[in-house]
Amino acid sequence: MIAPRVRFAPSPTGYLHIGGARTALFNWLFARRHGGTFVLRIEDTDRERSTQAAVAAILEGMRWLGLDWDEGPGVGGPHGPYFQTERLDVYRAQADRLIAQGKAYACTCTREELDVLRKQAEARKVQFRYPGTCRNRAYDPAQRHVIRLIVPEAGATSFDDLVKGTITTPHDTLQDEVILRGDGMPLYNFGAVVDDVTMEINLVARGDDHVNNTARQILIYQALGYPVPAFAHLPMILGADKTRLSKRHGATNLMSYREMGFLPGALVNYLVRLGWSHGDQEIFTMQELIEHFDWKQVGATAGIFNPDKLLWVNHQWLRALSDDDLARGAVPYFAAAGLPAADDQKLRLIVRQLRERAKSFVEIVQQARYFYAPIQLDEKARQKQLTAEARPFLQAVRDGVAGMDTMELAALERLFAEVAARAGVGLGKVAQPVRVALTGGTASPGIHDVVQILGKSETLARLDAGLALIP
RNA sequence: GGCCCCUUAGUCUAGCGGUUAGGACGUCGCCCUCUCACGGCGAAGACAUGGGUUCGAUUCCCGUAGGGGUCACCA
């Protein structure tokens with residue numbers, strides 16, 4: 001196989017969408033798999049909606065996921081510039097060439113005139129097609145005009161999509177398409193093709209909302225006289241109600257998943273598995289993804305975004321981290337929650353306990369709150385556990401801890417076991433009241449670990465406070 | 001509505017003419033257990049539908065239904 005040159009070409013009209021991230025990812029994986037080139041191009045010809053902030057957000061998202069680009073903003077490359085608005089002369093030149101060759105023409109029909117025709121077509125319930133009014137009109141550059149490509153009336157264009165198979169579009173469903181706007185801006189189909197040609201892209205992988213653009217683009221490649229690249233159209237990501245994923249389904253901004261405590265690798269893992277598979281394997285490292293990625297295994301059906309599965313994947317990734325990495329990764333999330341956790345031994349002990357219990361950094365923070373802040377006593381837990389019956393157990397544990405110099409796990413285990421044995425009750429009778437006094441609730445890591453992490457003085461203080469609450 | 005695409009459990013999928021239709025998330029049950037998790041074991045749960053082709057269809061073809069996409073001087 002010749003080295004692939006693929007690209008991701010987002011419009012900077014907002015943050016990096018989770019679907020866009022997936023498209024970028026598939027392109028990136030394919031490039032890395034085959035030692036190809038991954039190009040990042042910014043399609044900013046919609047000046048109304050494009051912003052510099054959005055460009056920055058997209059680059060940030062790409063970097064967070066670890067999708068490095070070989071050519072594009074920041075890194076340059078031999079086919080730049082990589083912003084479409086900096087390439088207007090290229091489009092103009094190509095359009096002029098098409099006009100000179102009689103393959104395109106200037107059209108002076110106004111939007112208003114066309115709207116009238118569109119309405120009429122709608123009233124007659126027929127598909128509107130530009131009637132070709134200006135096809136044979138003389139080219140007068142002085143008059144405001146758009147440039148249209150001459151599209152054949154008969155026949156059809158088809159191509160073999162790498163994921164969807166052969167797709168055929170009859171030409172009578174197409175029309176003389178506008179390729180250059182009145183203000184000189186290229187339209188999407190033209191800009192994308194000219195750029196893909198000049199950037200030597202040989203495989204175009206994008207969302208399947210572009211399937212219907214492909215025949216139009218192939219016609220442009222042919223008019224321009226360039227080879228047509230391969231195409232791969234990725235199925236959309238849908239929400240739980242099977243409609244296109246949007247804000248009402250939850251976060252669609254890639255970066256909000258960082259805020260929610262997800263690991264970029266986990267998100268990548270989930271996103272790839274949504275529509276791609278490698279046997280029964282669920283968890284992949286980046287390296288494994290690169291090794292196994294293949295368009296053949298990309299499914300043709302849209303996938304529903306499943307937050308539960310994402311969380312599960314994230315958990316698998318989280319628990320695979322070392323104590324050090326887990327602690328270091330968690331620090332910013334504690335800070336965001338206003339908790340004074342430092343990247344120290346205490347945190348490492350905490351995350352060691354929480355890695356099996358929390359599925360995201362945010363959950364780690366939630367479950368570790370009482371290690372860094374006063375307990376928030378759950379009322380039901382208090383009523384059930386901080387009772388007269390529990391008083392002697394709390395007192396015995398308190399006295400036992402008070403008599404210990406260091407919080408050794410083995411010693412703590414012995415203490416709890418002895419208190420329970422002496423009273424002839426199960427360990428739970430002792431551990432639960434202590435747990436409520438120490439954590440405020442009934443769910444936590446093992447009680448010995450909790451005591452050890454809290455340390456002697458804090459444990460005593462909380463036990464005393466708990467004892468004081470017993471009526 | 002026209003055109004294009006899609007259709008295995010609630011969800012992601014394996015399957016590539018002959019399988020007790022496999023795995024994963026989620027759900028439920030049991031075990032482990034100081035709670036919560038983790039882990040282990042187990043359960044329920046799918047080939048949209050009607051015709052073909054074939055000795056035999058989840059698998060190939062056609063229709064129907066359902067879903068998605070797209071019909072701009074947006075991308």
Side-chain angles (χ1 to χ4, degrees), chain A residues 9-13 43-46 48-50 84 107 109-111 114-115 118 122 125-129 144-148 161 164-165 167-170 172-175 177-189 191-192 206-215 233 235-236 238 240 242-244 270 273-283 297 299-313 315 319 353-359 367 381 385 413 416-417 420 426-436 439 441-448 450:
Chain A
S11 284
T13 55
E43 305 208 333
D44 56 351
T45 54
D46 185 346
E48 313 276 290
R49 299 191 297 150
S50 298
Q84 287 194 319
C107 169
C109 296
T110 64
R111 222 189 261 261
L114 294 176
D115 281 345
R118 237 185 290 271
E122 199 178 319
K125 293 191 170 168
V126 298
Q127 185 66 20
F128 170 76
R129 294 179 68 215
R144 177 159 173 116
H145 62 275
V146 301
I147 305 297
R148 286 180 187 272
D161 192 274
K164 291 183 181 277
I167 294 175
T168 302
T169 305
D172 61 12
T173 64
L174 270 25
Q175 60 177 335
E177 190 168 1
V178 176
I179 57 175
L180 228 51
R181 295 201 298 210
D183 63 2
M185 283 291 166
L187 258 82
Y188 168 71
N189 281 327
R206 78 248 279 204
D208 74 3
D209 48 339
H210 287 298
V211 166
N212 290 299
N213 282 322
T214 307
H233 286 95
M236 301 272 88
L238 272 26
K242 289 188 177 241
T243 62
R244 201 176 176 140
Y270 174 73
R273 270 294 282 110
L274 181 56
W276 174 86
S277 63
H278 180 69
D280 288 338
Q281 190 170 346
E282 296 286 351
I283 303 301
Q297 302 304 321
T301 67
I304 292 174
F305 188 81
N306 184 341
D308 281 338
K309 179 100 178 233
L310 205 210
L311 213 45
W312 177 80
V313 172
H315 191 201
R319 48 196 287 206
Q353 292 305 317
L354 261 24
R355 72 149 45 82
E356 298 295 350
R357 291 165 236 263
K359 296 178 178 175
Q367 294 181 30
Q385 302 295 158
E413 277 170 38
F416 276 83
L427 225 201
K429 288 286 187 190
V430 179
Q432 276 307 78
V434 172
R435 173 168 282 115
V436 172
T439 72
T442 54
S444 84
I447 196 64
H448 316 116
V450 171

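Proteins come first, then strands; the chains are lettered A, B, ... in the order of their sequence lines, and each starts at number 1.
- For A/Arg357 and B/C36, a side-chain-to-base donor-acceptor distance below 3.5 Å is present, hydrogens and geometry of angles not being considered.
- Out of B/G26, B/G69, B/A72, the shortest distance to the side chain of A/Leu187 is found at B/A72.
- Looking at which nucleotide of RNA chain B each of A/Gly446 and A/Gly299 is closest to, the 5′-most match is held by A/Gly299.
- Regarding contacts with the backbone of B/G39, a side-chain N or O of A/Arg319 is found under 4.0 angstrom from either OP1 or OP2.
- Using the Watson-Crick or G-U wobble rule with both distances under 3.5 Å, B/G66 pairs with B/C6.
- Heavy atoms of A/Gly182 sit under 4.0 angstrom from at least one base atom.
- At the heavy-atom level, A/Thr169 lies nowhere under 4.0 Å from the strands shown.
- Between B/U13 and B/C30, the two C1' atoms lie 28 Å apart (nearest whole Å).
- Using a 4.0 Å heavy-atom criterion, one finds that A/Pro10 contacts no nucleic acid atom at all.
- When the side-chain nitrogen and oxygen atoms of A/Arg273 are compared with OP1 and OP2 of B/U11, none of them lie within a distance under 4.0 Å.
- Residues A/Ala431 and A/Thr168 both approach RNA chain B. Their nearest nucleotides, taken by heavy-atom distance, put A/Thr168 toward the 5′ side.
- At whole-Å resolution of the value, CD in A/Gln385 and P in B/C34 are 15 Å apart.
- Side-chain proximity of A/Val211 to the nucleotides B/C4, B/C25, B/G69 is greatest for B/C4.
- A/Gln127 contributes a side-chain N or O that forms a donor-acceptor pair with the base of B/G1 under 3.5 Å.
- In this structure, A/Thr243 reaches the sugar-phosphate backbone alone: every heavy-atom distance under 4.0 Å involves primed, P, OP1 or OP2 atoms, never a base.
- Residue A/Asp172 is classed as having no contact, given no heavy-atom separation below 4.0 Å to the nucleic acid.
- Taking 4.0 angstrom as the limit, A/Ser277 places a side-chain polar atom (N or O) nearer than this to OP1 or OP2 of B/A14.
- When the P atom is compared between B/C47 and B/G42, the two are found 24 Å apart, to the nearest whole Å.
- Of the options A/Ser50, A/Pro186, A/Ser11, a side-chain contact (heavy atoms from CB on, under 4.5 Å) to A/Glu43 is made by A/Ser11 and by none of the others.
- Under 3.5 Å, the side chain of A/Gln281 and the base of B/G23 form no donor-acceptor pair of N or O atoms.
- In this structure, the nucleotide among B/C73, B/C25, B/U70 sitting nearest to the side chain of A/Arg244 is B/U70.
- Residues satisfying the side-chain contact (heavy atoms from CB on, under 4.5 Å) test with A/Ser444, not counting sequence neighbours, are A/Tyr370, A/Arg435, A/Thr439, A/Val450.
- For A/Ser444, taking side-chain heavy atoms from C-beta onward, the closest of the listed nucleotides B/C73, B/C25, B/U35 is B/U35.
- If you check every strand for non-hydrogen atoms under 4.0 Å, A/Arg49 touches a base.
- Side-chain nitrogen and oxygen atoms of A/Thr13 include none within less than 4.0 Å of the OP1 or OP2 phosphate oxygen of B/C74.
- For A/Asp208 against B/G69, no side-chain N or O and base N or O form a donor-acceptor pair under 3.5 Å.
- No contact: A/Lys125 has no heavy atom under 4.0 Å from any strand.
- Look at A/Arg111 and you'll find a side-chain N or O under 4.0 angstrom from OP1 or OP2 of B/C74.
- Within the 4.0 angstrom heavy-atom criterion, base atoms lie near A/His448.
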